[in-house]
Amino acid sequence: MEFTSMFQFCFLASISLIFLIRYLIKFYNSSRRKLPLPPGTLGWPYIGETFQLYSQNPNVFFTSKLKRYGSIFKTHILGCPCVMISSPEAAKFVLVTRAHLFKPTYPASKERMLGKQAIFFHQGDYHAKLRKLVLRAFMPEGIRNIVPDIEAIAKDTLQSWEGRLINTFQEMKIFAFNVVLLSIFGKDEVLYREDLKRCYYILEKGYNSMPINLPGTLFNKSMKAREELAQILAKILSTRRQMKFDHNDLLGSFMGDKEGLTDEQIADNIIGVIFAARDTTASILTWILKYLGENPSVLQAVTEEQEAIMRSKKESIAENVLTWADTKKMPITSRVIQETLRVASILSFTFREAVEDVEYEGYLIPKGWKVLPLFRNIHHSPDFFPEPEKFDPSRFEVAQKPNTFMPFGNGIHSCPGNELAKLEISVILHHLTTKYRWSVVGTQNGIQYNPFPLPQDGLPIRFSLKKEATPKS
Ligand code: HEM
């Protein structure tokens, strides 16, 4: 009898506990739901405020919203409700401390083109594994030995411009493409370079096209080029497997036996890295040429720094070949790169999606809403960068406040290619400033968005050898 009443008591206590917990969860969730949404408007049904954002310089939209609502506001863009944030603390919350609550998100058409298994689209173990492999290839240890090869590409590129009127962005794209192929395949696959280039150029035309997969559409041509790219990559993989050599490049890192990546996963990530590396680096290089052209004293300081390195090489046995150590002796050049990354802020923002309801500073960010950390607004805030529109590399003589300078993002998805990008930019600037001169052609103040901000018409320049320089020096 005693045992039965004990049992009944335990049973009733457990049931009550379950009800109590369910009540508390319900209460907690409903009190969360009562949190207000951030201030702002959602605009028209479905189209929201897409037109206001994309019909003008996007900064006008962001600045007017920030003035009106402060550093966190809601809006509705491209069919999605969004929360935009522009304080360093909020960016850190979304990208670093609560990164697990905000997954990366891209349009489905981009996922189809780059490949669903590419690093950008993932969280968790698969993402961590890919990131380890990409970083292994692109950390200083992985790239220090390819400095002479990057230098050879830079010299060939610049020689091909001599005496010509060039579109800076288009030419920088070729340079950045050749460097990223080198970092992926080493020098081995030059054989495939032209075919890879041909397919990739068709593929990229479809990136921003309507995702209509019918014969003749840009999207359809892109998808076919993507299939061909995957076939070329399969051929390279099979040749490497037969040869059985170890390679220190990105492909070698992906092919490691322990990693167990499928050919499809490798292909998606190779195409993804090319996509991430090329237009970004080319845009920054284009802006650097523009800012150096507009700031003769800065150009002079960079040139003197680079000439000193050139002289030191002539006196040493290492002759004219740049080394990793040389690229670390370029403080002025390095500040010019940082200031260009800040002023140009080519990735004005990034996209995340809340995976559950999240509370931030008393506001509710509902599950499924997009969250956009606005890098450009942080980089252009007078609170962190006095006279923010002024190009002034000297501001980087002192360290910046935490989370105020994020040209390569922040947290687990931050850019693993940032060392390579800075390296290739430094190497080409060495030869550009010591041997060449350039002048911009036409009106110089417009900005175009494709989708990165770029000087008008890709910055057409007339390019020539300095009188005192010879191409081989
Ligand atoms: C100046 C040039 C570059 C800029 C400004 C830049 C900027 C960025 C930014 C802001 C992100 C983070 C995006 C996010 O959080 O949503 C990112 C990610 C990434 N970048 Fe770069 N990038 C540059 C060059 C490169 C290069 C040269 C490579 C490779 C060789 C590269 C490979 C990647 C990859 C693979 C990711 C995705 C990382 C992940 O999801 O874990 N980037 N980049």
Side-chain angles (χ1 to χ4, degrees), residues 91-92 94-96 99 102-106 110-111 114-115 117-139 142-143 146 150 169 172-173 175-185 249-251 253-254 268-288 334 336-353 370-376 378-379 403 405-429 451-454:
K92 185 177 171 199
V94 172
L95 300 173
V96 187
F102 299 96
K103 64 174 185 189
T105 164
Y106 290 82
K110 205 146 257 172
E111 239 178 86
L114 295 179
Q117 321 228 37
I119 183 167
F120 323 96
F121 312 125
H122 294 271
Q123 295 276 78
D125 291 349
Y126 177 64
H127 174 261
K129 170 155 110 174
L130 288 173
R131 204 166 160 84
K132 185 192 80 186
L133 301 179
V134 175
L135 281 171
R136 183 159 78 190
F138 292 149
M139 289 289 273
I143 55 177
I146 61 169
I150 296 179
F169 180 58
M172 290 299 188
K173 280 198 328 185
F175 169 66
F177 190 80
N178 289 337
V179 173
V180 75
L181 286 197
L182 171 79
S183 69
I184 294 171
F185 302 112
D249 45 38
L250 181 65
L251 187 57
S253 182
F254 282 154
D268 288 2
N269 280 288
I270 297 286
I271 295 169
V273 164
I274 299 174
F275 167 77
R278 194 190 62 163
D279 289 15
T280 46
T281 313
S283 310
I284 287 298
L285 273 164
T286 307
W287 281 110
I288 291 181
S334 160
V336 165
I337 298 172
Q338 285 177 300
E339 178 67 341
T340 305
L341 286 162
R342 183 193 71 80
V343 183
S345 286
I346 53 158
L347 287 169
S348 305
F349 51 83
T350 187
F351 281 94
R352 295 289 187 271
E353 184 181 309
K370 309 286 179 201
V371 180
L372 283 71
L374 304 179
F375 297 132
R376 169 177 275 271
I378 299 174
H379 294 165
N403 308 300
F405 182 55
M406 296 171 284
F408 293 107
N410 204 353
I412 49 168
H413 285 278
S414 66
C415 182
N418 76 87
E419 289 290 344
L420 179 65
K422 288 183 279 188
L423 173 66
E424 64 188 282
I425 294 172
S426 308
V427 170
I428 197 166
L429 283 181
F452 305 130
L454 262 186

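Note that ligands are numbered from 1 as they come in the structure, with each ligand's atoms numbered from 1 the same way.
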Nearest-contact summary for atom 14 (C) of ligand 1 - protein heavy atom, Å: Thr350 OG1, 3.3 Å
Heavy-atom distance under 4.5 Å between the side chains of Ile119 and Arg131, does that happen here? yes
With heavy-atom distances below 4.0 Å as the criterion, list the atoms of ligand 1 near [X].
{"X": "Pro407", "value": "5 (C), 7 (C), 10 (C)"}
{"X": "Ile284", "value": "1 (C)"}
{"X": "His127", "value": "39 (C), 40 (O), 41 (O)"}
{"X": "Leu420", "value": "30 (C)"}

For the pair [X] and [Y], name the ring-plane relationship: parallel under 30°, tilted 30 to 60°, perpendicular over 60°.
{"X": "Phe349", "Y": "Phe351", "value": "perpendicular"}
{"X": "His379", "Y": "Phe405", "value": "tilted"}
{"X": "His127", "Y": "His413", "value": "tilted"}

Using distance alone, decide if ligand 1 has a nitrogen or oxygen within less than 3.5 Å of any nitrogen or oxygen in Arg131.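 It does: an N or O of Arg131 is found under 3.5 Å from an N or O of ligand 1.
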Between His413 and ligand 1, is there a nitrogen or oxygen pair with a distance under 3.5 Å?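 Yes, there is a polar N/O contact under 3.5 Å.
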With heavy atoms under 4.0 Å as the rule, classify the contact between [X] and ligand 1 as side chain, backbone, both or neither.
{"X": "Phe351", "result": "neither"}
{"X": "Ser183", "result": "neither"}
{"X": "Arg352", "result": "side chain"}
{"X": "Leu347", "result": "side chain"}

Mind listing the protein N/O/S atoms less than 2.8 Å away from atom 21 (Fe) of ligand 1? Waters don't count.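 Listed by chain and number, the atoms are Cys415 SG.
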For Leu114 and Tyr106, run side-chain contact (heavy atoms from CB on, under 4.5 Å): C-alpha distance rounded to whole Å, both residues' side-chain angles, the deciding distance at 0.1 Å, then the answer. CA-CA 11 Å; Leu114 295 179; Tyr106 290 82; over 6 Å; no
Euclidean distance, Leu420 CG relative to Thr281 OG1, rounded to 0.5 Å: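 One gets 7.0 Å once the value is rounded to the nearest 0.5 Å.
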Go through the steps to decide whether Thr105 and Lys370 satisfy the test side chain to side chain donor-acceptor pair (under 3.5 Å), and finish with yes or no. CA-CA 8 Å; Thr105 164; Lys370 309 286 179 201; 2.9 Å; yes
Would you check, one step at a time, whether the test side-chain contact (heavy atoms from CB on, under 4.5 Å) holds for Arg376 with Leu347? CA-CA 8 Å; Arg376 169 177 275 271; Leu347 287 169; over 6 Å; no
I'd like to know if Val134 contacts ligand 1, where contact means a heavy-atom distance under 4.0 Å to any ligand atom.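 The answer is no: ligand 1 sits nowhere under 4.0 Å from a heavy atom of Val134.
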Does Ile412 reach ligand 1, in the sense of a heavy atom lying below 4.0 Å from it? yes
Tell me if a side-chain donor or acceptor on Tyr126 pairs with a main-chain N or O of Gln117 at a distance below 3.5 Å.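 Such a contact is found between Tyr126 side chain and Gln117 backbone.
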Crowding at NZ, Lys92 (>12 non-hydrogen neighbours, <6.0 Å):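 No, NZ of Lys92 has 12 or fewer neighbouring heavy atoms, counting only those of other groups under 6.0 Å.
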Other residues, nucleotides, ligands: >12 heavy atoms within 6.0 Å of Lys129 NZ: yes
Would Phe138 and Ser183 satisfy side-chain contact (heavy atoms from CB on, under 4.5 Å), going step by step from the backbone distance to the final call? CA-CA 8 Å; Phe138 292 149; Ser183 69; 3.4 Å; yes
